[in-house]
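Before anything else, here's the structure in question.
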There are 2 protein chains.
Amino acid sequence: MTDGRQPTLEEVARLAGVGRGTASRVVNGSEHVSPHTREAVEHAVRELGYVPNQAARSLKTRRTDTVSLVIAEDEERVFAEPFFAGLVRGISRAVDATSRRLVLSMVPDESHLERLGQFLTPQHVDGVMVVSLHDALSLPQGAGLPIVYVGRPRDPLACFVDVDNRGGARRAVDHIVERGRRTIACITGPQDMASGRDRLDGYRDALEAAGLPYDEDLVEPGDFSDASGVSGAAALLERRPDLDAVFAANDVMALGALRELSRQGLDVPGDVALVGFDGSAAAAASTPALTTVRQPLGDLGATAVDLLARRIEHPDDERTSVILPAELQLGESS
Amino acid sequence: MTDGRQPTLEEVARLAGVGRGTASRVVNGSEHVSPHTREAVEHAVRELGYVPNQAARSLKTRRTDTVSLVIAEDEERVFAEPFFAGLVRGISRAVDATSRRLVLSMVPDESHLERLGQFLTPQHVDGVMVVSLHDALSLPQGAGLPIVYVGRPRDPLACFVDVDNRGGARRAVDHIVERGRRTIACITGPQDMASGRDRLDGYRDALEAAGLPYDEDLVEPGDFSDASGVSGAAALLERRPDLDAVFAANDVMALGALRELSRQGLDVPGDVALVGFDGSAAAAASTPALTTVRQPLGDLGATAVDLLARRIEHPDDERTSVILPAELQLGESS
DNA sequence: TTGTATGCGTTATCAA
DNA sequence: TTGATAACGCATACAA
């Protein structure tokens with residue numbers, strides 16, 4: 001059947017009895033071709049099992065039909081945390097729906113940066129999506145490559161898509177206030193992440209709107225880990241045994257806090273109302289009781305891909321960023 | 001600094017005062033070039049920030065310097081199960097250490113097969129690693145593309161790397177026998193996976209070697225899920241309340257069985273010895289008490305990459321497959 | 001609507 | 001050891 005080598009457009013054209021150019025036009029879906037010759041070429045394509053040579057195409061068009069997803073994180077975390085899993089899934093699906101390919105790069109540390117810099121050039125990819133949650137790591141300038149950040153980046157002018165962390169946190173705490181709570185504690189996320197900062201800001205917004213004072217004794221720094229949820233809850237109870245609600249900046253910490261609260265004999269949400277942030281982690285741990293702020297990870301991915309496609313096709317348009325709403329998802333006993 | 005377009009080899013050559021050919025030789029590390037001109041070219045490369053154009057290179061050399069990892073599984077599972085996470089990590093690291101790039105494709109169902117078939121051609125990749133644990137899904141023939149399976153494939157002639165499931169299971173049950181147990185039950189894996197079948201075979205091997213009878217009442221079919229571990233343990237205890245050991249074909253089921261055994265008031269390993277298979281899942285659940293057969297996921301990935309590299313560079317060599325040993329990892333109370 | 005010719009950036013062949 | 005030159009397979013401007 002196949003004689004070893006891949007068929008070329010030349011051979012397709014010859015079999016169809018047309019010129020190379022015409023065959024190319026058919027393959028690329030050009031309008032200016034008669035139905036009859038189109039049919040002939042399409043037949044030849046099927047006959048030979050022709051697949052366009054991407055290298056040759058790229059060389060000519062200066063497009064690669066490839067986009068890159070760079071995650072500034074260790075593979076371990078990427079696979080362990082539901083946030084990344086959901087995000088990669090959403091982006092993967094969205095790219096699949098286009099004619100482009102996706103290549104995924106994880107950058108655990110600086111040592112991988114040089115290789116990546118070589119790859120992040122217009123010769124290799126048409127655009128880049130960057131997930132860099134921590135402030136620390138900065139990617140090599142993509143040499144004029146269209147770039148979309150997932151999660152709010154340091155550069156305020158950059159194009160990005162993010163979840164409304166601040167608004168989501170605000171709504172979470174609003175909800176607690178509506179339930180009549182007045183002594184509302186917070187276990188924060190790491191302050192070197194925008195998501196950590198924004199969620200704390202949302203907490204403050206809600207307090208201010210409710211006319212409640214911001215009390216430092218009610219705020220305990222966390223780092224999104226289970227352990228910091230446990231110790232955070234313990235520290236808060238130590239300082240303020242009178243607290244009647246806790247807002248944890250993510251679900252992992254919320255679940256940790258939940259265990260500690262229970263251990264101390266407190267009923268949730270009877271004695272202490274508890275709200276987390278994420279959705280996916282709560283689902284993974286199947287704790288339907290937890291009220292949480294749900295991040296639309298699928299939309300996040302789809303929007304990132306869409307934004308990037310726009311910037312690739314119209315590089316000179318003004319850069320619009322998108323902030324997706326984060327909905328409150330009530331637990332069973334709320 | 002950069003004037004928009006990427007520098008070409010032509011420009012490097014001009015700046016270095018040599019011909020294109022010579023510049024190419026330097027970039028590709030050819031021997032036949034004087035130290036002096038090499039220095040000059042290398043300087044020019046740095047000066048201009050030259051990066052070889054992969055498309056042009058591929059077009060000429062008919063190599064892509066890219067290998068593909070195809071996982072015949074849903075993204076959800078790939079990210080959820082520690083087995084895949086560990087495997088992808090191992091392969092990713094191993095490929096990183098080479099000059100090749102890795103592109104990852106997940107194939108949840110047949111509908112993605114056509115796109116994949118277009119991609120799995122010599123024009124796009126130099127070779128393919130396939131993880132297809134279930135017997136069902138079959139990939140399009142890679143058209144003479146070097147291919148290495150991770151996990152034993154149906155085709156006995158194919159090149160593959162696998163963990164010694166049979167031997168590992170054998171050692172697990174040997175261990176139980178050595179501890180003096182005689183009524184050893186088994187919760188199997190799905191029988192449409194080689195790993196499920198092989199581990200059951202290993203169980204039988206050990207029984208036979210110990211002169212113990214194979215008793216169908218002591219064998220309960222499972223599907224690697226937590227639920228089947230729970231129900232499997234329940235069913236076994238119902239039929240054979242006298243059992244004194246359980247070998248579960250993976251850790252997820254072992255943990256499920258552990259819960260059920262405890263629920264029924266049985267002490268593990270006092271009343272019932274319990275051994276699982278996997279390692280990574282046990283670590284994730286942090287149940288150090290569980291004895292388990294550990295799969296060397298890092299080695300598995302590294303070996304797959306190595307095997308594939310060999311087949312790419314020497315396509316005519318005989319195809320060697322590798323079976324990696326699976327070590328028994330004793331729990332704390334064994 | 002169609003065929004022909006050119007060049008994308010690179011490596012490999014051949015002379016020098 | 002080096003420089004010139006010819007493909008690699010394709011898209012496209014131009015001619016017909």
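Below, each value reflects all heavy atoms present in this structure, side chains not excepted, and no hydrogens, waters or symmetry copies. Every chain is numbered from 1 and lettered A, B, ... according to where its sequence line falls, protein lines coming before strand lines.
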If only side-chain N and O atoms count, and only distance matters, is there a donor-acceptor pair under 3.5 Å linking A:Q123 with A:R62? no
Smallest heavy-atom separation, B:G301 atom then B:L87 atom, equals N-CD1, 4.3 Å
Take A:L9 and B:E31, find for each the nucleotide of DNA chain D with the closest heavy atom, and name the residue whose nucleotide sits nearer the 5' end.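 Mapping each residue to its closest nucleotide by heavy atoms, the 5'-most match is B:E31.
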Within residues 52-65 of chain A, which residues have any heavy atom lying less than 4.0 Å from an atom of DNA chain C?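 Heavy-atom cutoff 4.0 Å gives A:L59, A:K60, A:R62.
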Less than 4.0 angstrom from a charged side-chain N to a carboxylate O is my criterion; do A:E313 and A:R100 meet it? yes
Can you see which heavy atom on A:A23 is nearest to which on A:L9, and at what distance? CB-CD1, 3.9 Å
Looking at A:E42 and A:R25, does any basic side-chain N land under 4.0 Å from a carboxylate oxygen? no
Let me know the distance between CD of B:Q123 and P of D:dG9, rounded to the nearest Å. 9 Å
For atom CZ of A:R14 and atom P of D:dG9, their distance in whole Å: 12 Å
Smallest heavy-atom separation, B:P146 atom then B:D126 atom, equals CD-O, 3.3 Å
Could you go step by step and tell me if B:R311 and B:D317 meet the side chain to side chain contact (heavy atoms under 4.5 Å, CB included) rule? CA-CA 7 Å; B:R311 287 190 52 58; B:D317 282 12; over 6 Å; no
Kindly give the heavy-atom pair with the smallest separation between B:S68 and B:L102, and that separation in Å.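 Shortest heavy-atom contact: C-CD1, 4.3 Å.
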Restricting to non-hydrogen atoms, name the atom on B:Y50 and the atom on B:T8 that form the minimum distance, rounded to 0.1 Å. CE1-C, 3.8 Å
Produce the list of close N/O pairs, under 3.5 Å, pairing protein atoms with atoms of nucleotides 2-4 of chain D; give distances to one decimal.
residue, atom, partner, partner atom, Å
D:dT2, OP1, B:S34, OG, 2.9
D:dT2, OP1, B:T37, OG1, 3.1
D:dT2, OP2, B:S34, N, 2.9
D:dT2, OP2, B:T37, OG1, 3.1
D:dG3, OP2, B:G19, N, 3.0
D:dG3, OP2, B:T22, OG1, 2.5
D:dG3, N7, B:R25, NH2, 2.9
D:dG3, O6, B:R25, NH1, 3.4

Walking along DNA chain C from 5' to 3', note the first and the last nucleotide with an atom under 4.0 Å from a heavy atom of chain A, and give both. C:dT1 to C:dG9
Restricting to non-hydrogen atoms, name the atom on A:F160 and the atom on A:G151 that form the minimum distance, rounded to 0.1 Å.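 Minimum heavy-atom separation between A:F160 and A:G151: CB-O, 4.1 Å.
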